[in-house]
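Remarks on the structure that follows.
Just the heavy atoms: all of them, side chains too, but no hydrogens, waters or symmetry mates, feed the values below.
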Amino acid sequence: MRDKEMPKAYDPKAHEDAVYAAWEASGLFNPDKLPGERKEAFSIAMAPPNVTGVLHLGHALEDSLTDAMVRYQRMCGKKTLYIPGTDHAAIPTQAKVEKMLMKEGMKNPRQELGREGLVEKIRTFAEQSRVTILSQVKKMGASCDWSRLAYTFDVSRNAAVNELFRRMYNDGLIYRGYRVVNWSTKGQSTCSDDEIVHVERTSILYTFKYSKDFPIAIASTQPETKLGDTAVAVHPDDVRYQKYIGQTFTVDVGAAAPRNIRVIADEGVDPKFGTGALGVTPAHSAIDFSMYEKQKAKGEPIEIIPVIGTNGCMTEEAGKSYQGLVVEEARGRFVSWLQSEGLMVKEPEEIVQNVGTSDRYGDVIEALPMTQWWLDVNKEIPGRGKTLRDLMREAVTTGLGGDGNQKVTITPERCTKMYLDRVENLRDWCLSRQIWWGHRIPVWYRGEEIFVGNEAPAVEGWEQDPDTLDTWFSSGSWTFSTLGWPEATKELKEFHPTTWITMGYEILYLWLMRMILMSTYALEQIPFKDAYIHGLLRDQHGVKFSKSAGNGIDPIEVIENYGCDALRLSVTSGNTPGNDSRFSMEKVESARNFVNKLWNISRFILTTTTWHHVESVQPKTMADQWILSRYESTVVNVTKLMESYDFSLATEVLREFTWSDFADWYLEMAKVEQGKDEMLSYLLERILKLWHPFLPFVTEVIWKEMGNTEFLMIAPWPKSESGINEGAEKDMKLIQDVITTIRNLRAEYVVEPGKMIDATIVGASAVLEEQAYVIKGLARVGSLTIQTSGEKPEGSAAATVGSTQIYLPLAGLVDLQKESLRLTKELDEVNGYLASLAAKLNNQEFVGKAPAQVVQKMRTNLVEAEARKASITSQLAAIQK
RNA sequence: GGGUGCUUAGCUCAGUUGGUUAGAGCGUCUCGUUUACACCGAGAAGGUCGGGGGUUCGAGCCCCUCAGCACCCACCA
């Protein structure tokens, strides 16, 4: 016994900050300062949270999974690096600050503040947000190396971005081109295909002709764009229109000038939809633009006439009656005109269609032709004989260049399929943005001259491109820009490709794909070997957490009230790769309860024994042998589950072992058997180690309570030691069943819990004899009689465990009718079971085809069930006598 | 239009390569302060694994089909 004081309940608030500070001060988050010889490296680049706000539950989930992995690997003796960082998140951050400024009364922040002024405002906001979010990451217990803290928008990352751009430009992959882009009027910027969210809405489909003498009717939900039509496309085989193909008609639709409409053939036109003819507006539709390019290539060019401007209003080209109108107004006016001219050939009809909206500004994306910077995914990379698309495909299939060591494995596997589908349908990536918060495009112009480089040309007269880069251009290089690229650093050599990464499926295309693209291009290496894709956390009703739903939960508040460990465990368990899971305070409570249980298990051991490190133990009793066997299978299973990233199951296995096997059974048996110092010390140490990746704080606190001076964080992960003891497990099962059955009878006959009761067991075995004291202790039996055979004592309650009968003398209490009813029910059950077993064993095909093992098992079961039946039958007979 | 996931106890979810009588947590019911823990202990109730068909000696698991829910992708103007 030692004089040890531990509070009855674990108070996370009293420990967490101090424990984190101690970890941080120890320097052990830094792989270079880890003790021992660590040959194998393990590295993870944190998915950098955006500096747009605060930590949300999604981060909590991700941090929990990642940090569990990191802590596990560190304990396994790997040289473990977890790089923290934040993302400047170009559009989201600028959008957020602009919104704030407008709420404060500004009408047009860009105009009123100018580039420098606005960027300064955003920088101030981003810095505050960065500090907040990083402190919150610490609250989550993330064991990352703060000495390597990175930011997608800092000087080093800017150097990497510029170098990457320069190389891609020199390789001819980055080009400047005039094409139709996705334009957000509200954001006054382009965006990539991946930043568009399709929203379903009903639109009105108008069917009309450009003029009375135009032979073909067309349909459109955006008739105002028809002011810029320069062709009508029909299917080449469409007999209705074949005769017009190649002809040009001049029509006056009220635009600035009459339009020349050429009838062209295009395989892509569906003859069955609408009128089977498509009005071609090269300036305001990506498909129409591709037709324009095809025509140009064929030497039969059509015109391209933009009628919508970047301000979302009709241009001068749209004609006097439309110029300056926003598109909706122009649409109304154009429709009235069509009606008054009698050009509508059909009543307008409502249809459901998907429109693209900006994921950050929310407005409908307009297609506009503009000159922008693009990344070509189909062009061969000089000297490599492959395109970027090829590299992205190889990385997840054969491995880069067929090298299996350069292959990315995505968990769950179906995400690989999603990724590959996307790779095959990838279009050139629009890189330039017209917003100001972000990496400025490293291109300078002087008249017709272009200079692409890491820094401005030294001589005067050059002006830098005003645009900034898509934010994913910098996050795409995250795994290697954080390790010092383009310098050939020691870190890069040691830690790249990184080993593992976690992210939500919603950024599979935006981020995972770009990281693979960038890394395979720049380093000829994959960015990471394993990608673990997690689902979304939803609220208890399955609704996505969002501001508009008003269901937000602040993880920091949860930590304040329940502790970080409880939050971590609650989001980790019940969460399988790629699937959404629900978050609820009930789950957090349940996790908190477990944490407290672990605390009290430790409290019991530490206050009743003197804990000391035990290298190996000699089991003295059946209970010892059994718990060591259970521990063995737990350690083997949990390790296997960690290796296969099955965190949820790992926590379940551990929980079952800790609470049920260890606390409910073994500790109670230890109280009876006494003298368990060695065993308890041995097991507690190992249980804490196994839990550490999931419950870093409470395990570290207990570890310190045990008197350890080194951190649990760097203690070696437990190994398989004693082997499975099937005999002990079987024996224990019998003892557990006997105890449970006696407790059951006691409960049924309302025997006072504290009262000792006598019992008779018929069906003697060595185990029962040997463990009689355990049965007596745990089932509160006074005198226990064990005999090989015998009749049911008069006036006793009876029950059956296998072929063993148990009798409790409860004269006066026993209700024979009730007893008979219960036994009859049991008999029915066992009869049903016997019937199903017999059916199987009598089936020659089953006996012939099923593996011998399975058949043998059935036979054993049959024998057991028959014994059980005999036992029940004899009890029934005794009652009915 | 193409694709993916889900549907198992009242609720939230597990269920590894098809092999006993399908599991856990929460909730419910009964009882309970025995040298840790009421954030606890003991006991119990509760499921024809979405419907239908098929393959197999054997299906929650494999195949087909239908239904419901969720999500992703797509240039039906």
Which heavy atom of A/A219 sits nearest to which heavy atom of A/L205, and what is that distance? CB-CD1, 3.9 Å
Looking at every strand, decide which applies to A/P851 at a 4.0 Å heavy-atom threshold: base, sugar-phosphate, or nothing. base
Picking from B/C57, B/A77, B/A36, the nucleotide nearest the side-chain atoms of A/I351 would be B/A77
Tell me what A/S648 touches on the nucleic acid: a base, only sugar-phosphate, or nothing, going by heavy atoms under 4.0 Å. nothing
What nucleic acid atoms does A/A663 come within less than 4.0 Å of, heavy atoms only: base, sugar-phosphate, or nothing? base
Which nucleotide in the list B/C26, B/C39, B/A77 gets nearest to the side chain of A/K226? B/A77
What is the distance from CD of A/E200 to P of B/C72, rounded to the nearest Å? 12 Å
What I want to check is whether an N or O donor and acceptor connect the side chain of A/E668 with the base of B/A36 at under 3.5 Å. yes
When you check the phosphate oxygens OP1 and OP2 of B/A42, does a side-chain N or O of A/R746 lie under 4.0 Å from one of them? no
Between A/Y773 and A/E673, is any side-chain donor less than 3.5 angstrom from a side-chain acceptor? yes
Within a 6.0 Å radius of atom NZ on A/K587, are there more than 12 heavy atoms belonging to other residues, nucleotides or ligands? yes
Under 4.0 Å, heavy atoms only, any strand: does A/N861 hit a base, just the sugar-phosphate, or nothing? base
Nearest whole angstrom, please: distance from the P of B/U34 to the CE of A/M669. 22 Å
Classify A/L649 by what it touches in the nucleic acid, base, sugar-phosphate, or nothing, heavy-atom distance under 4.0 Å. sugar-phosphate
Within the pair A/R414 and B/U4, is there a side-chain N or O less than 4.0 Å away from OP1 or OP2? no
Choose from B/A74, B/U20, B/A14 the nucleotide whose nearest atom is closest to any side-chain atom of A/Y833. B/U20
Looking for any heavy atom pair under 4.0 Å, which part of the strands does A/R592 touch: base, sugar-phosphate only, or nothing? base
Assign A/N843 to base, sugar-phosphate, or nothing according to its heavy-atom contacts below 4.0 angstrom with the strands shown. sugar-phosphate
Compute whether any side-chain donor of one residue and acceptor of the other, for A/Y505 and A/D580, lie under 3.5 angstrom apart. yes
Counting just side-chain N and O atoms, does A/S836 come under 4.0 Å of either OP1 or OP2 of B/U21? yes
Please determine whether a side-chain nitrogen or oxygen atom of A/N744 lies at a distance below 4.0 Å from atom OP1 or OP2 of B/A44. yes
Looking at every strand, decide which applies to A/Y10 at a 4.0 Å heavy-atom threshold: base, sugar-phosphate, or nothing. nothing
Contact class for A/A850 (heavy atom, under 4.0 Å): base, sugar-phosphate, or nothing? base
With a non-hydrogen cut-off below 4.0 angstrom, is A/K8 in contact with a base, only sugar-phosphate, or nothing? sugar-phosphate
At less than 4.0 Å, is any side-chain N or O atom of A/H198 found next to OP1 or OP2 of B/A74? Yes or no. yes
Pick the nucleotide of RNA chain B nearest each of A/T275 and A/W665; which residue has the one closer to the 5' end? A/W665
Which part of the nucleic acid, if any, lies within contact of A/D664, taking any heavy atom under 4.0 Å across all strands shown: a base, the sugar-phosphate backbone alone, or nothing? sugar-phosphate
Length of the CZ-P vector between A/R743 and B/G43, whole Å: 5 Å
Going by distance alone, is a donor N or O of one side chain under 3.5 Å from an acceptor N or O of the other, for A/Q222 and A/T225? no
Any donor-acceptor pair under 3.5 Å joining the side chain of A/R603 to the base of B/C37? no
Counting side-chain heavy atoms from CB outward, which of B/U20, B/G19, B/U35 is closest to A/K857? B/U20
Should the side chain of A/K544 and the base of B/A70 be counted as holding a donor-acceptor pair, with the cut-off at 3.5 Å? no
Describe the nucleic acid contact of A/S590 in one word from base, sugar-phosphate, nothing, applying a heavy-atom distance below 4.0 Å. sugar-phosphate
Nucleotide of B/A36, B/A77, B/A74 approaching A/N354 most closely (side-chain heavy atoms): B/A74
How about A/W599 and A/F594: are their ring centres within less than 6.0 Å of each other? no
Can you check the A/N600 CG to B/C40 C1' distance for me, whole Å? 9 Å
Nearest-nucleotide comparison on RNA chain B, the residue closer to the 5′ end among A/S581 and A/S602: A/S581
Is the number of heavy atoms from other residues, nucleotides or ligands under 6.0 Å of A/E424 CD greater than 12? yes
Please check if any side-chain donor atom of A/D229 sits under 3.5 Å from a side-chain acceptor atom of A/Y210, or the reverse. yes
Could you check which of B/U21, B/G19, B/C75 has an atom nearest any side-chain atom of A/K840? B/U21
Pick base, sugar-phosphate or nothing for A/G274, based on heavy-atom distances below 4.0 Å to the nucleic acid. nothing
Send over the distance from A/I605 CD1 to B/U35 P, rounded to a whole Å. 18 Å
Counting only side-chain heavy atoms from C-beta out, which of B/U34, B/G19, B/C75 sits nearest to A/V854? B/G19
Considering only B/A14, B/C13, B/C40, which nucleotide approaches the side chain of A/K597 most closely? B/C40
So which nucleotide from B/U4, B/A74, B/A77 ends up closest to the side chain of A/K417? B/U4
Give the rounded distance in Å between these two atoms: CD of A/E589 and P of B/A38. 15 Å
Calculate the interatomic distance between A/L569 atom CG and B/G25 atom P; express it in whole Å. 13 Å
Atom pair distance, as rounded to whole Å: CG in A/N596 and P in B/G25: 17 Å
State whether A/R538 places a side-chain N or O below 4.0 Å from either non-bridging phosphate oxygen (OP1 or OP2) of B/A70. no
